Amino acid sequence: MNDSFDLAESSPNTQSYGAKISASSYWSELNKDQRKAVETVDGPVLVLAGAGTGKTRVLTTRLAHILDSGLAHPGETLTVTFTNKAAREMKDRVERLVRRPMEGWYLGTFHSIAARVLRKHAELVGLKSNFTILDTDDQLRLLKQGLEAHDIDEKRWPARSLGAIINRWKDRGLAPDQVTDTEGSDFANGRTLELYHDYQERLRSLNAADFGDLLMHNLTLFSNDKGVLREYQDRFRFILVDEYQDTNVSQYLWLRLLAQGHRNICCVGDDDQSIYAWRGAEVGNILRFEKDFPGAQVIRLERNYRSTSHILGAASDLIAHNRDRLGKTLWTESNEGEKVTVHGLWDGEAEARVIGEHIETERSDGQALNDIAVLVRAGHQTRPFEERFIQIGLPYRVIGVMRFYERLEIRDAIAYLRVISQEDDDLAFERIINRPKRGIGVTSLQKLHVVSRANGCSLMAAARDLTDSDELRGATRTGLANLISHFDRWRNLSAVQALPSLIQTILDDSGYLEMWRKDRSIQAPGRLENLNELIGALDEFETLDSFLEHISLVMDNAETEDGDMVNVMTLHGAKGLEFDSVYLPGWEEGLFPHQRALDEGGLHALEEERRLAYVGLTRARQRATVSYAANRNLFGKWSSELPSRFVSELPEEHVTRTSEINTTADLTEPDLDYQNIHRPDIGRRRSNWGRYAIRQRNRTYETIAVENHAPGTFQIGKRIFHQKFGYGKITDIDGNKLEVSFEKAGLKKVMGSYVEPA
DNA sequence: TGAGCGTAGTTTTTT
DNA sequence: ACTACGCTCA
């Protein structure tokens, strides 16, 4: 972390400042709109950049232009992204363009820049400069402790829910004394605010900040000390923001404050790709930009360089179903390409099989697997694909699963380091106090907590006290005393020893490595391997603190595996990426759009789901293949599925549809030829369908006979019972689909075969 | 202290 | 189906 912005950054850089260097060499290839977005450096600019319109290119070129033409030193620019990956990419590209070391510039994620600012002025918000940044796991444990302290039943009021409420407040920049809404009023009998208050107190006493605090404390800081705010306002002559549609309110307020100095802020975003409202992002930030920055120029990038016109056409028509959007008309000069294909399939297994076959065909046509992706809605959907791909020997990688620094053994090792860096870090100390086993169980830990609360001291201090007293006996006392003396030694060692050998010593002395060596489980060898990797990774860091800052803010995915492999990931994970060929399985009502989104977020959530579908389609350069299954095994239960409404929203002119099944909607067609053949392996699946026809190669060869309700069982107004949603009244009937107004769950469409007369 | 068992909850994810 | 958690009992 370069923290020297008072020195190095403000020293005049005679090479660049004031020197007009022609930048035309690297932006001659930009189109008119892109060029305008790069050149308009005076005043606020909003760049609405559709999918595949060269957004990143514009952003990097703009920054390079500002630096190259001497409009600002690197240290006078602020560039924010959401992910470390995006920040790194931007850094690389700008450095390549500018060919000059960019020491001291402010380019990074919102969180890393906010942390950098906060460390400088921590005392103004009641923290010390070396505060710990807590991750979600720590936060959760802290919240649990809070609930316990308030005697609130954690079963009834889960810490996770409390965390979600508090995080939403923080997303909006609301400290406990600023909360006026009733957001949390139905949680814990209205004691949410009290819990939030205590949680913040606890964080302060631990000298810790959670992710939300980083931004929120910045806001507090800026409003408490106008001098500091002024300093940054003056400093940042140019501000650039990537993925602006993903900013939450507190990030927005933060930007707005900082931009008030020079008013040169350029935000790049696409309202159609806003898919993070569920974690506090406000698309509204885009919509209000012109209001907040009067005279702002709005530049639209609408020429798509990525996809064929069929893919672009399909995606554009789909997203046009959203009401809540600014509206863009993407166009392309690329060829028509293939139509988007839509497959209806029997079940998830068939879906995985068919996609596997398609990929093998593409592969034999010379298509690189690295440029193929399977994009799913939810993490668990990757499984059938993994199983199938393993079976047929198709190389694949799943992106975005467990991250390196989230692994149990890595977190343990880091906890040791955290205690060394900050003896007061109770959360870290608690984590490893009995790992490996030292005879310090729940009872002993409770004693420590009592002492620490009574004395207002840290757990470590309490531990010192307790080992001096007679409270603890036998193995427990020796175990704890040993641990304490180990820590004292390690702390001394940390001053003189390089990080890799320090951690090696710690893991040896503590018996932590020994613990895993003795462990006979399958995972143990992998864990030891990971620990070795950690030791290696530590080589890159000068100080313990710089390493800890890195891991708390730059918890990146482990590098993706080398080789030519199909990419399997969630739609969210695919944002910003592109592939030749994209498979989009699981387009079924309830799965995509996801039921939970529909239940909780209504129309807004539905539109967000649709944007997700849009993001999925627009990842494809050459081919996009959508599929849905008639039956799906979810959480151990089979259920019949309806094709997603998004499937029917795809325009015929850009789509080819094939189906191995008839969906329920088709069952009411009179001329279909049903046979009642019972196929045992399907019968076992307790499919509740009335009659179901599968047609393959124009031949109906399979139908499952399951008991059907007698005609007239269902009439509008009749009361029915549904396994999942309970009692309700039928409001509409459409073939085998019923629209039911449920007493608890509200208005829903359900399968007739799923309900019983009540 | 730890194994064994029952229960509940299973979208998306960064920092 | 699978996991994570909390509780009971040896």
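Worth knowing before you read on, the calculation uses all heavy atoms, side chains too, and leaves out hydrogens, waters and symmetry mates. Predicted model only: the values in this text are computed from it and were never measured. In the text below, chain A, chain B and the rest are named by the order of the sequence lines, each starting its count at 1.
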Measure the distance from OH on A:Tyr276 to P on B:dT12 and round it to the nearest whole Å.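 Taking atom P of B:dT12 as the reference, OH of A:Tyr276 is at 11 Å.
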Can you tell me how far C1' of B:dT14 sits from CD1 of A:Ile133, to the nearest Å?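 Those two atoms, CD1 and C1', are 13 Å apart.
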Tell me what A:Gly573 touches on the nucleic acid: a base, only sugar-phosphate, or nothing, going by heavy atoms under 4.0 Å.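 Here A:Gly573 touches no strand at all.
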Quiz item: A:Ser112 side-chain donor-acceptor pair to B:dT15 base, under 3.5 Å: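 No pair found.
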Which ranges of DNA chain C pair up as stems, where a stem means three or more consecutive Watson-Crick or G-U pairs with both distances under 3.5 Å?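 When the pairs of DNA chain C are grouped into runs of at least three, the stems are B:1-10 with C:1-10.
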Under the criteria of a ring-centre distance below 5.5 Å and an interplanar angle below 30°, is A:His111 stacked with the base of B:dT15?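 Ring-base stacking flag not set for A:His111 and B:dT15.
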Do we see A:Phe82 stacking on the base of B:dT15, given a limit of 5.5 Å between centres and 30° between planes?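 Here A:Phe82 fails the 5.5 Å or the 30° condition.
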How about A:Asn207 and A:Asn130: do any of their side-chain heavy atoms sit closer than 4.5 Å?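 Answer yes - side chains close enough.
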Looking at B:dT10, I'd like to know if its phosphate oxygens (OP1 or OP2) sit under 4.0 Å from a side-chain N or O belonging to A:Arg596.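 For B:dT10, OP1/OP2 do have a side-chain N/O of A:Arg596 under 4.0 Å.
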Do other residues, nucleotides or ligands put more than 12 heavy atoms under 6.0 Å from A:His150 NE2?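 Check passes, neighbour count above 12.
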Any donor-acceptor pair under 3.5 Å from A:Glu607 side chain to A:Asp324 backbone: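 Flag set: sc A:Glu607 to bb A:Asp324 pair under 3.5 Å.
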Report all interatomic pairs (protein N or O, nucleotide N or O of nucleotides 3-8 of chain C) with separations under 3.5 Å.
none

How far apart are the C-alpha atoms of A:His121 and A:Tyr232, what are their side-chain angles, what is the distance that settles it, and do they pass the ring pair (Phe, Tyr, Trp, His ring centres under 6.0 Å) test? CA-CA 12 Å; A:His121 313 280; A:Tyr232 287 99; 5.7 Å; yes
